[in-house]
Amino acid sequence: MNEILKAQFFVDDLSDDQKRVITNINDYIKQGLQNTPSSVAIIEGASGTGKSVVLMELVRQYMTDKRYKTSLVVNHPELYKAYQDIAESIPNMKVNSIRRPTSLINYAQKNHKKYDIIFVDEAHLLYSKSEPYAHYRGQNQLTDLMDLAKVVVVVYDFDQVFQSKMYWDKDLLFKTIGSHPHKSFSMNFQYRMVASDEQVAWMDDLTAEKPLKPFPDNSDFDFKMFDTAGAMFDTIKKRNKEVGMSRMVATSGFPRIDGRHNVEMDTFNLPWDEWDPQRTHWAKREGSITQVGTIYTLQGFDLNYVGMIIGPSFGYDPQTDTMTIIPEKYSHKEIFKKRKDMKFTQDEYRTFIANVLNVLMKRGKYGLYLTAYDDALRKRLLEITKK
């Protein structure tokens, strides 16, 4: 197994909290296998709480046991590649039992297949509406998965909802589950970052448009605010040479310049990440140091250091001393796609955009480097950082 993936998805010494969650879910799965209708186990937690580590321990237990008919599904193309890579290195694990949700649903419905357990990572990326362009013609992928398995184990983070076609909140989740037995398993402990609770709270407060304050200096987490993206990129390249897995990331909204749709700011000019059918996921590819990452390549993955450019769709309000969200400057229009069964308010669209920034800021295990496209926001963040 690739050592980078092994370090992210498996640990030799699980924490007591993780062991407790795994034991409780195991008890629930065994109970659910004996009963009808299908049961749903909900693993819930914020970014960095180790949800994937817990899920993979369960996957390793059940998907290598021939007594069970199982599948692991994930709707994120880069995570899908990673799980295939992992599966090849686990004895008795079948790579073809790992699928994208649409692929599994269409295959199982066509061939009348049923499963004991279906594991779903990043379940907040399941389609909650029909998406014919992606060959999904059902109405809700969780509903379809419940019809296929005795037990469905889903990993949810409602703060990682970014698009209307994959919209989930707790009300919709429990409405979808309906009368099926279900139980939530909360993971409210920080696992990924070496950052303190106060430092994580600073990131949450920033994206929640709360008054700005200095970044707490109470851990070994490396935080720096930069006046230029060019200087920040130089530091990221240095970190990448030292420890690897250090990348530039950004939110949407950068204007096209001379026909180019790159991330351009001061001396910095790099293209966005690109989807690539190769099995090596974006964060691990050497060439991705010269691209700018997004949620489409990084959601669900750890980096060592993140160079975060807060894009043009974020500004500054001196009256409230807060970062502000400007939806009309957010150029990735998929976020605003309409759907017939529900309508979204401007505040909900702002939340989608805030969630993108929040998740990207938390990709770095050891450090976050930050700058902002908006002059006023960047100046204010530099001021409070120097206090």
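Hydrogens, waters and symmetry mates are skipped; everything else that's a heavy atom, side chains included, is used.
Among Met225, Met248, Met308, the one residue that satisfies the side-chain contact (heavy atoms from CB on, under 4.5 Å) test with Met232 is Met248. Among the candidates Asp321, Asp374, Thr322, the single residue satisfying the side-chain hydrogen bond (donor to acceptor under 3.5 Å, both in side chains) test with Tyr316 is Asp321. Partner of Ser38 under the side-chain hydrogen bond (donor to acceptor under 3.5 Å, both in side chains) criterion, out of His180, Lys150, Lys114: His180 alone.
Rounding to the nearest 0.5 Å places CD of Glu198 at 13.5 Å from CZ of Phe221. Between atom CG of residue Leu145 and atom CD1 of residue Ile105 there is a gap of 4.5 Å, rounded to the nearest 0.5 Å. For the atom pair CD1 (Ile236) and CD1 (Ile289), the distance works out to 7.0 Å, reported to the nearest 0.5 Å. Interatomic distance, Phe226 CZ to Asp266 CG, rounded to the nearest 0.5 Å: 11.5 Å. Gln84 CD to Ser89 OG: the interatomic distance, rounded to the nearest 0.5 Å, is 12.0 Å. For the atom pair Ile177 CD1 and Lys183 NZ, the distance stands at 14.0 Å (nearest 0.5 Å).
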Residue pair Asp273, Arg247: steps toward the salt bridge (charged side-chain N to carboxylate O under 4.0 Å, His left out) verdict: CA-CA 11 Å; Asp273 50 12; Arg247 298 291 184 269; over 6 Å; no
Check the pair Tyr68 / Leu33 against side-chain contact (heavy atoms from CB on, under 4.5 Å), numbers first and verdict last. CA-CA 10 Å; Tyr68 304 109; Leu33 289 171; 3.6 Å; yes
When you look at Ser52 and Asp121, which way does the side-chain contact (heavy atoms from CB on, under 4.5 Å) test go after all the steps? CA-CA 7 Å; Ser52 291; Asp121 199 6; 3.2 Å; yes
Which is it for Leu79 and Glu122 under the side-chain contact (heavy atoms from CB on, under 4.5 Å) test, yes or no, and what are the steps along the way? CA-CA 9 Å; Leu79 265 179; Glu122 306 283 345; 3.4 Å; yes
Pair Met93, Ile98 - check side-chain contact (heavy atoms from CB on, under 4.5 Å), show working. CA-CA 10 Å; Met93 185 94 163; Ile98 299 172; 4.2 Å; yes
Under the salt bridge (charged side-chain N to carboxylate O under 4.0 Å, His left out) criterion, do Asp204 and Lys362 qualify, and how do the steps go? CA-CA 10 Å; Asp204 293 335; Lys362 294 176 179 176; 2.6 Å; yes
For a ring-ring contact (aromatic ring centres under 6.0 Å, His included) check, start with the C-alpha distance between Phe344 and Tyr167, then their side-chain angles and the critical distance, and finish with the verdict. CA-CA 10 Å; Phe344 298 97; Tyr167 179 76; 5.0 Å; yes
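In the model, Tyr369 has a side-chain atom that pairs as donor or acceptor with a side-chain atom of Arg239 under 3.5 Å. If you check the side chains of Gln31 and Ser39, you find no donor sitting under 3.5 Å from an acceptor. A donor-acceptor pair shorter than 3.5 Å cannot be found between the side chains of Asn106 and Lys110. Checking Tyr62 against Asp116 by side-chain atom types alone, no donor-acceptor pair falls below 3.5 Å. For the residue pair Asp317 / Thr324, no side-chain donor-acceptor distance below 3.5 Å is found, with atom types taken as modelled. A donor atom on one side chain and an acceptor atom on the other are not found under 3.5 Å apart for Asp341 and Gln139. Ser71 and Arg99 are not linked by any side-chain donor-acceptor pair at a separation below 3.5 angstrom, with hydrogens and angles left out of the test. Side-chain N/O atoms of Thr143 and Thr176 include no donor and acceptor closer than 3.5 Å.
Put simply, Leu357 and Ile326 are part of two different groups of oily side chains (I, L, V, M, F, W, Y) that touch within less than 4.5 Å, one to the next. Both Phe233 and Phe223 belong to a single network of hydrophobic side chains, linked directly or stepwise wherever heavy atoms of I, L, V, M, F, W or Y lie under 4.5 Å apart.
Between Val73 and Gln141 the shortest side-chain heavy-atom distance does not fall below 4.5 Å. Side-chain atoms of Leu381 and Ile310, non-hydrogen and from C-beta on, do get closer than 4.5 Å to each other. Ile42 places a side-chain heavy atom less than 4.5 Å from the side chain of Val154. Under the 4.5 Å side-chain criterion, counting only non-hydrogen atoms from C-beta, Ile353 is not in contact with Thr251. A 4.5 Å side-chain heavy-atom check between Gln109 and Asp144 finds at least one atom pair inside the cut-off. Two residues are said to be in side-chain contact when any heavy atoms from C-beta on lie closer than 4.5 Å; Gln299 and Leu125 meet this criterion. With contacts defined as side-chain heavy-atom distances shorter than 4.5 Å, the pair Arg100/Pro77 qualifies. The shortest distance between side-chain heavy atoms of Gln18 and Val21 does not fall below 4.5 Å.
Glu286 CD: 12 or fewer foreign heavy atoms inside a 6.0 Å radius. No more than 12 heavy atoms of other residues, nucleotides or ligands sit less than 6.0 Å from atom NZ of Lys69. Residue-environment remark: NZ (Lys224) exceeds the threshold of 12 foreign heavy atoms within 6.0 Å. No more than 12 heavy-atom neighbours from other residues, nucleotides or ligands sit within 6.0 angstrom of NE2 on His135. Counting heavy atoms of neighbouring residues, nucleotides and ligands inside a 6.0 Å radius, atom CG of Asp217 does not exceed 12 of them.
The backbone N or O of Asp171 lies less than 3.5 Å from a partner atom in the side chain of Asp169, making a donor-acceptor pair. Using a distance-only test at 3.5 Å, with no hydrogens or angles considered, no donor-acceptor pair links the side chain of Trp272 to the main chain of Thr294. Put simply, the side chain of Asp65 gets close to the backbone of Arg67: a donor and an acceptor are under 3.5 Å apart. Panel note: side chain Asn111, backbone Tyr107; a donor-acceptor pair is recorded below 3.5 Å. Panel note: side chain Asn304, backbone Gly244; a donor-acceptor pair is recorded below 3.5 Å. Distance alone, capped at 3.5 Å, places no donor-acceptor pair between the Ser288 side chain and the Gln291 backbone. Judged by distance alone, the side chain of Glu209 and the main-chain N or O of Ile325 form a donor-acceptor pair under 3.5 Å. Thr351 places no side-chain N or O within donor-acceptor distance of the main-chain N or O of Tyr349, the cut-off being under 3.5 Å. Proximity of a side-chain donor or acceptor of Trp168 to a complementary backbone N or O of Val161 within less than 3.5 Å is not detected. Distance alone, capped at 3.5 Å, places no donor-acceptor pair between the His124 side chain and the Phe162 backbone.
Residues Val151 and Ile29 share a closest heavy-atom pair of CG2-O, 3.9 Å. Here the closest non-hydrogen pair linking Gly253 and Pro312 is O-CG, 3.2 Å. For the pair Val74 and Pro101, the tightest heavy-atom approach, listed with the atom from each and the gap, is O-CD, 3.4 Å.
Between Trp282 and Phe301, a ring centre-to-centre spacing not shorter than 6.0 Å is recorded.
Geometrically, Lys113 does not engage Tyr115 in a cation-pi contact, judged by NZ or CZ lying under 6.0 Å from the ring centre and within 45° of the ring axis.
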